[in-house]
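Read the structure below first, then the notes.
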Amino acid sequence: MFVVNIKMNYKKILIACVICALIIASVVEFGVKDNFILTSSNIDNYDYEITDDNFIKNIEKIHNNIDENIGKTIKLSGFVYTMPDFKEGFFICGRYIEMDSETQVAGYLCNYVGDATIEENEWIEVTGSIIKGDYNGEIPVIKVNTITKIPAPANMFIQKK
């Protein structure tokens, strides 16, 4: 049997505990964020859940108030639409909008870096957070967290009222 005699400095232990607590709090607070933009895919409630009924209202609201919506979470569904000048990883999650006897594509520019392979005109559900991007001017961009392939809805058109 042996005895160890350790002299403990409680001030140093308290300071070390406070520093550890600050480090843990920082990791918890900022570790799930990328430049203060939420990137966790385990979200149950979204700031915007885009549906057929609120698609046009919310697209206008988000586009007209980009700075107020940065970092907000969003969930929407639509089809994949690309333009020849899009950079790799960018696409539109869009819908057909009928207005004044014309049909046009409207949607959200999305940026996705991941393993999912998506194809033009494929229907998907996207979740992510809103960031500011540039495509012929400042626009909101969805930094995509998850992409899920879904079947096309019975009515692929949204009526602008």
Heavy-atom closest contact (Ile142 atom, Gly128 atom, distance)
CG2-CA, 4.1 Å

Closest non-hydrogen atom pair between Gly133 and Val141, with its separation
CA-CG2, 3.6 Å

Donor-acceptor contact below 3.5 Å, side chain Glu120 vs main chain Thr82:
yes

Strictly distance-based, threshold 3.5 Å: is any side-chain N or O of Asn65 a donor or acceptor partner for the main-chain N or O of Glu68?
no

Establish, yes or no, whether a centroid distance under 6.0 Å links the rings of Tyr135 and Phe90.
no

Heavy-atom distance under 4.5 Å between the side chains of [X] and [Y], does that happen here?
| X | Y | value |
| --- | --- | --- |
| Asn69 | Tyr48 | yes |
| Thr148 | Ile124 | no |
| Phe91 | Ile147 | yes |
| Thr127 | Thr73 | no |
| Phe157 | Arg95 | no |

Kindly compute the distance separating [atom1] ([X]) from [atom2] ([Y]), expressed to the nearest 0.5 Å.
| X | Y | atom1 | atom2 | value |
| --- | --- | --- | --- | --- |
| Ile50 | Lys57 | CD1 | NZ | 9.0 Å |
| Ile130 | Asp47 | CD1 | CG | 7.5 Å |
| Met83 | Ile92 | CE | CD1 | 8.5 Å |
| Gln159 | Ile56 | CD | CD1 | 8.5 Å |
| Glu49 | Asn58 | CD | CG | 10.5 Å |
| Asp100 | Ile97 | CG | CD1 | 12.5 Å |

Under 3.5 Å donor-acceptor pairs involving side-chain atoms of residues 104-119, not counting sequence neighbours:
unit_1, atom_1, unit_2, atom_2, d
Tyr108, OH, Ile59, N, 3.2
Asn111, ND2, Gly89, O, 3.4

Could you go step by step and tell me if Lys72 and Tyr46 meet the side chain to side chain contact (heavy atoms under 4.5 Å, CB included) rule?
CA-CA 8 Å; Lys72 292 195 175 176; Tyr46 298 90; over 6 Å; no

Run the numbers on Cys93 and Leu76 for side chain to side chain contact (heavy atoms under 4.5 Å, CB included), then give the verdict.
CA-CA 8 Å; Cys93 182; Leu76 69 140; 3.6 Å; yes

Evaluation steps, side chain to side chain contact (heavy atoms under 4.5 Å, CB included), between Ile62 and Ile74:
CA-CA 11 Å; Ile62 293 169; Ile74 188 168; 3.9 Å; yes

